[in-house]
Amino acid sequence: DAKTTQPNSMESNEEEPVHLPCNHSTISGTDYIHWYRQLPSQGPEYVIHGLTSNVNNRMASLAIAEDRKSSTLILHRATLRDAAVYYCILSEANAGNMLTFGGGTRLMVKP
Amino acid sequence: KAGVTQTPRYLIKTRGQQVTLSCSPISGHRSVSWYQQTPGQGLQFLFEYFSETQRNKGNFPGRFSGRQFSNSRSEMNVSTLELGDSALYLCASSTRTGNNYGYTFGSGTRLTVV
């Protein structure tokens with residue numbers, strides 16, 4: 001299985017940008033990089049996904065390294081509501097909709 | 001539009017019993033996946049259904065099974081419940097199957113086996 005490595009936890013101040021790193025050195029050419037987050041007592045929530053190019057949506061930006069061995073999820077202005085566990089996942093082409101979740105990064109946002 | 005609906009929200013069962021959990025995907029979504037979440041193992045993939053066919057299966061014993069109906073609603077069944085089956089069971093839906101789609105999760109069914 002393609003694997004990702006994330007820091008266990010990170011801390012941020014409210015209203016400041018947050019950069020959440022993810023390493024995926026064994027990524028293959030057809031693997032998509034997905035990010036989900038899970039707030040307490042809720043199911044995971046889709047954040048963003050991409051293949052090669054950087055991606056932006058209303059929630060966040062995804063910056064993908066040129067060699068695709070790492071990526072960074074960028075929250076432009078952290079709010080208290082962004083405190084959650086963030087999961088970086090490689091979705092393999094032959095795995096249908098199967099997502100292999102790792103431990104994720106617990107983001108704490110200080111007021 | 002309505003999100004992914006899972007019923008029931010909470011369930012308490014006794015060891016040896018069986019249980020059926022239900023998932024109604026977002027309207028128009030044809031793929032439904034199931035996950036188990038426990039404090040020790042985290043989120044683990046159970047299986048995926050698309051157009052009433054199982055497309056993928058995780059590494060779980062045969063006591064865990066599922067099905068999908070023609071309206072895309074899905075059920076999962078766990079027979080001969082064990083204490084270790086206590087977990088949050090999550091359902092996720094997407095428009096199609098494949099790795100280029102974002103998935104919407106429900107809030108889950110919390111199963112406690114006593």
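The structure displayed is predicted, hence computed values, not measured ones. Note on naming: letters A, B, ... go to the chains in the order of the sequence lines (proteins, then strands), and numbering restarts at 1 for each one.
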* Derivation and outcome, side chain to side chain contact (heavy atoms under 4.5 Å, CB included), residues B:Gln44 and A:Thr100 -> CA-CA 7 Å; B:Gln44 293 184 285; A:Thr100 303; over 6 Å; no
* Asked: Who among A:Gly104, A:Pro44, A:Gly102, A:Gly50 has the most heavy-atom pairs with chain B under 4.5 Å?
  ->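 Counting heavy-atom pairs under 4.5 Å, the top option is A:Pro44.
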* Asked: With only heavy atoms counted, which part of B:Leu90 is less than 4.5 Å from chain A, the side chain, the backbone, both or neither?
  ->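 It is the side chain, since no backbone atom gets that close.
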* Which bit of B:Gln37 is near chain A, if near means a heavy-atom gap under 4.5 Å: side chain, backbone, both or neither? ->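 Contact with chain A: side chain only.
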[X] with [Y], same ILVMFWY side-chain cluster at under 4.5 Å:
X: A:Leu80; Y: A:Leu107; answer: yes
X: B:Val113; Y: B:Met76; answer: yes
X: B:Leu88; Y: A:Val85; answer: yes

* Give the C-alpha distance, both sets of side-chain angles, the deciding distance and a yes or no for side chain to side chain contact (heavy atoms under 4.5 Å, CB included) between B:Asn100 and A:His49. => CA-CA 8 Å; B:Asn100 187 22; A:His49 77 284; 2.9 Å; yes
* Side chains of B:Thr104 and A:Glu45: closer than 4.5 Å at any heavy-atom pair? -> no
* Less than 4.5 Å apart, any side-chain heavy atom of B:Phe105 and any of A:Tyr46? -> no
[X] atom [atom1]: more than 12 heavy-atom contacts under 6.0 Å:
X: A:Asp67; atom1: CG; value: yes
X: B:Ile12; atom1: CD1; value: no
X: B:Arg73; atom1: CZ; value: yes
X: B:Arg110; atom1: CZ; value: no
X: A:Asn8; atom1: CG; value: no

* Asked: How long is the span from the CE atom in A:Met98 to the OG atom in B:Ser33, to the nearest 0.5 Å?
  ->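 Reported value, rounded in 0.5 Å steps: 10.0 Å.
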* Working to the nearest 0.5 Å, report the span between OH of A:Tyr32 and OH of B:Tyr101. =>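 One gets 8.5 Å once the value is rounded to the nearest 0.5 Å.
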* To do: Would you please indicate if the ring centroids of A:His34 and B:Tyr103 are separated by under 6.0 Å?
  =>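 Yes, they do, as the ring centres are separated by less than 6.0 Å.
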* Specify whether A:Phe101 and B:Tyr35 have parallel, tilted or perpendicular ring planes, treating 30° as the upper limit for parallel and 60° as the lower limit for perpendicular. => perpendicular
